[in-house]
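Read the structure below first, then the notes.
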2 protein chains.
Amino acid sequence: MEKLREGGFLITKIRQLSQQIFNNLLKDYNLNEISAAQGRVMFPLWQKDNISFQELKRKALLSKATLSYMLDKLEEAGHIKRIRSEEDKRTINIKLTKKNKVLQEKYFQVSNKMNEIFYKDFSEKEINEFEGYLRRLLDSLIQVSKENKLKNI
Amino acid sequence: MEKLREGGFLITKIRQLSQQIFNNLLKDYNLNEISAAQGRVMFPLWQKDNISFQELKRKALLSKATLSYMLDKLEEAGHIKRIRSEEDKRTINIKLTKKNKVLQEKYFQVSNKMNEIFYKDFSEKEINEFEGYLRRLLDSLIQVSKENKLKNI
DNA sequence: AGATATTTGTTCTATATCGAACGTTCTATA
DNA sequence: TATAGAACGTTCGATATAGAACAAATATCT
């Protein structure tokens with residue numbers, strides 16, 4: 001009788017709860033205009049503005065269908081602008097708007113608060129170890145995905 | 001300058017990839033009729049059949065809205081049956097059908113295969129340590145959710 | 001140069017998820 | 001015992017997600 005592993009289930013549930021708690025925090029901080037998922041799309045842009053669709057897709061680890069949809073939402077809400085490239089007219093670049101830059105700082109506050117909650121029962125050493133595992137696992141899964149030609153990598 | 005933590009992002013992405021890989025495995029094993037999410041709902045039932053909506057909700061960690069929706073799907077597909085309780089007519093019990101019991105074994109095969117892939121770069125000791133962290137984290141988040149009266153706990 | 005193949009981002013369809021509003025049934029209270 | 005309140009599961013509306021099909025643009029091959 002093999003030992004029952006449940007990493008997948010645990011991860012799924014942790015993610016669900018975190019998302020809910022995070023969205024709740026956003027509400028508490030009056031950041032209703034932005035969701036956790038939208039934050040994840042903007043995060044790479046906050047680190048480097050004006051990047052290509054492909055780069056953003058890679059950083060946010062989303063399928064192109066999802067990213068396109070999220071960009072629709074963000075553009076409607078006035079957070080980003082799509083800019084068609086001149087050299088290759090198939091491609092677009094994504095730029096933050098001024099409106100967005102105001103949000104950024106507030107979002108970071110929430111993000112920090114979230115990390116506090118997330119790791120409140122963990123020591124520094126444990127966090128490092130845990131995130132080390134997570135990173136190894138993610139890399140390994142990305143590898144598997146590539147081998148199986150899954151699309152959204 | 002605070003150290004940048006990214007547990008939330010890592011977890012979200014690990015979960016996304018696992019889900020895709022898992023759904024792909026289900027396809028490979030000709031288990032098209034069931035999805036990863038459906039499996040997660042049936043898993044508690046495989047351990048103990050004929051449990052209440054509330055117990056299943058607790059075990060699967062889903063909101064009642066989502067569970068109701070998933071039960072619709074599973075009932076349509078002939079995997080489960082809702083049974084209205086006689087004592088308390090508000091409540092229902094969930095029962096597996098014969099059809100489902102055939103699936104179960106196949107599903108476990110896929111599940112084991114998934115665990116193999118998931119942990120292929122981890123030693124036994126590391127898996128135990130990692131899942132220990134995950135369980136602690138999940139418990140801690142459940143605690144936070146309760147304190148904030150989030151609904152789907 | 002022209003034909004074919006590939007790449008890019010969008011759109012369509014389906015799934016899973018949640019919160020809020022709802023009707024039904026049970027419980028407690030006045 | 002009648003009624004107000006609570007609990008239960010469903011339904012509705014919205015969000016985030018991916019795969020497949022698509023049109024436009026570019027690259028490759030003969």
Side-chain angles (χ1 to χ4, degrees), chain A residues 12-13 15-24 26-27 32-42 52-58 60-77 82-94 145 148-153, chain B residues 12-13 15-24 26-27 32-42 52-58 60-77 82-94 145 148-153:
Chain A
T12 296
K13 292 308 154 183
R15 182 235 157 217
Q16 260 170 40
L17 288 184
S18 314
Q19 189 112 328
Q20 277 169 54
I21 294 170
F22 194 77
N23 280 328
N24 241 290
L26 286 172
K27 224 188 272 169
N32 277 7
E33 42 200 321
I34 190 178
S35 69
Q38 288 172 10
R40 274 196 300 278
V41 173
M42 291 192 305
S52 70
F53 185 97
Q54 290 300 321
E55 185 172 352
L56 186 51
K57 172 174 172 291
R58 212 165 41 245
L61 277 179
L62 293 171
S63 71
K64 57 188 183 171
T66 302
L67 182 53
S68 190
Y69 163 85
M70 291 302 287
L71 292 180
D72 284 351
K73 292 282 163 181
L74 290 171
E75 198 162 18
E76 271 168 37
R82 284 171 165 100
I83 308 211
R84 197 117 230 147
S85 159
E86 281 308 311
E87 297 101 57
D88 184 340
K89 282 177 187 148
R90 289 171 305 183
T91 69
I92 60 176
N93 278 23
I94 326 292
S145 294
N148 289 280
K149 301 203 174 37
L150 300 189
K151 295 289 174 51
N152 63 326
I153 291 299
Chain B
T12 295
K13 291 309 154 183
R15 182 236 156 217
Q16 260 171 41
L17 288 183
S18 315
Q19 188 111 328
Q20 276 170 55
I21 294 170
F22 194 77
N23 279 328
N24 242 290
L26 287 172
K27 224 188 271 170
N32 277 7
E33 41 201 320
I34 191 180
S35 70
Q38 289 173 9
R40 273 196 299 279
V41 174
M42 291 194 304
S52 72
F53 185 97
Q54 290 299 322
E55 185 172 352
L56 186 50
K57 171 173 173 291
R58 212 164 44 245
L61 278 179
L62 293 172
S63 71
K64 58 188 183 174
T66 302
L67 183 53
S68 189
Y69 162 86
M70 291 302 287
L71 292 181
D72 283 350
K73 293 281 164 182
L74 289 171
E75 197 161 20
E76 271 169 37
R82 284 170 164 100
I83 308 212
R84 197 115 232 148
S85 159
E86 282 307 311
E87 297 100 60
D88 185 341
K89 282 179 186 148
R90 289 171 306 181
T91 68
I92 60 175
N93 279 23
I94 325 291
S145 294
N148 287 280
K149 301 203 174 38
L150 300 189
K151 296 288 175 52
N152 63 325
I153 291 299

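If you're wondering where the values come from, they're calculated on a predicted model, not measured in any experiment. Proteins come first, then strands; the chains are lettered A, B, ... in the order of their sequence lines, and each starts at number 1.
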(request) Would you mind telling me which residue lines up with the more 5' stretch of DNA chain C, B:Met70 or A:Leu67, judged by nearest nucleotide? (result)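 Comparing both residues, the 5'-ward one is A:Leu67.
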
(message) Assuming nearest nucleotide by heavy-atom distance, tell me which of A:Thr12 and A:Ser52 is located more 5' along DNA chain C.
(response) A:Ser52

Measure [atom1]/[X] against [atom2]/[N] and give the value in whole Å, please.
X       : N      : atom1 : atom2 : answer
B:Leu71 : D:dT11 : CG    : P     : 12 Å
A:Lys73 : C:dG9  : NZ    : P     : 21 Å
B:Leu17 : D:dT17 : CG    : P     : 13 Å
A:Lys64 : D:dA23 : NZ    : C1'   : 12 Å
B:Phe53 : D:dC8  : CZ    : P     : 10 Å
B:Asp72 : D:dC12 : CG    : P     : 11 Å
A:Leu26 : D:dT15 : CG    : P     : 15 Å
B:Ile21 : D:dA18 : CD1   : P     : 13 Å

(message) Using modelled atom types and a 3.5 Å cut-off, is there a donor and acceptor pairing between side-chain atoms of B:Asn23 and backbone atoms of B:Ala36?
(response) yes

(request) Assess whether side chain to side chain contact (heavy atoms under 4.5 Å, CB included) is satisfied between A:Val41 and A:Ile94, documenting all intermediate values. (result) CA-CA 11 Å; A:Val41 173; A:Ile94 326 292; over 6 Å; no

(request) Using the side chain to side chain contact (heavy atoms under 4.5 Å, CB included) rule, take A:Gln54 and A:Thr91 through it: C-alpha gap first, then chi angles, then the decisive distance, then the call. (result) CA-CA 8 Å; A:Gln54 290 300 321; A:Thr91 69; over 6 Å; no

Check the phosphate of [N] against [X], side-chain N and O only, distance under 4.0 Å to OP1 or OP2. Yes or no?
X       : N      : value
B:Thr66 : C:dC18 : yes
A:Gln19 : C:dC18 : no
A:Gln54 : C:dT7  : no
B:Ser68 : D:dG9  : no
A:Arg84 : C:dT8  : no
B:Gln16 : D:dA18 : yes
A:Arg40 : D:dT15 : no
A:Ser35 : D:dA16 : yes

(request) Tell which nucleotide pairs with C:dA30, taking only Watson-Crick or G-U wobble pairs whose two distances are both under 3.5 angstrom. (result)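 D:dT1 - that is the nucleotide pairing with C:dA30, both distances being under 3.5 Å.
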
(message) When both hydrogen-bonding distances must be under 3.5 Å and the geometry is Watson-Crick or G-U wobble, what is C:dA21 paired with, if anything?
(response) D:dT10

(request) Measure the shortest side-chain to side-chain distance between B:Gln16 and B:Gln19 over non-hydrogen atoms and say whether it is less than 4.5 angstrom. (result) no

(request) For the residue pair B:Arg82 and B:Phe53, establish whether any side-chain heavy-atom pair is separated by less than 4.5 Å. (result) no

(request) Pick base, sugar-phosphate or nothing for A:Ala65, based on heavy-atom distances below 4.0 Å to the nucleic acid. (result)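 Contact class for A:Ala65: base.
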
(message) Any base atoms under 4.0 Å from A:Arg15, or only sugar-phosphate, or nothing? Heavy atoms, all strands.
(response)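 Here A:Arg15 touches no strand at all.
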
(message) From the set D:dA16, D:dG19, C:dT10, return the single nucleotide nearest to any side-chain atom of A:Ile92.
(response)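 Closest of the options to the side chain of A:Ile92: C:dT10.
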
(request) Output the distance between atom CG (A:Leu62) and atom CE (A:Met70), rounded to the nearest 0.5 Å. (result) 7.5 Å

(request) Would you state whether a donor and an acceptor, one from the side chain of A:Arg90 and one from the base of C:dT7, lie under 3.5 Å apart? (result) yes

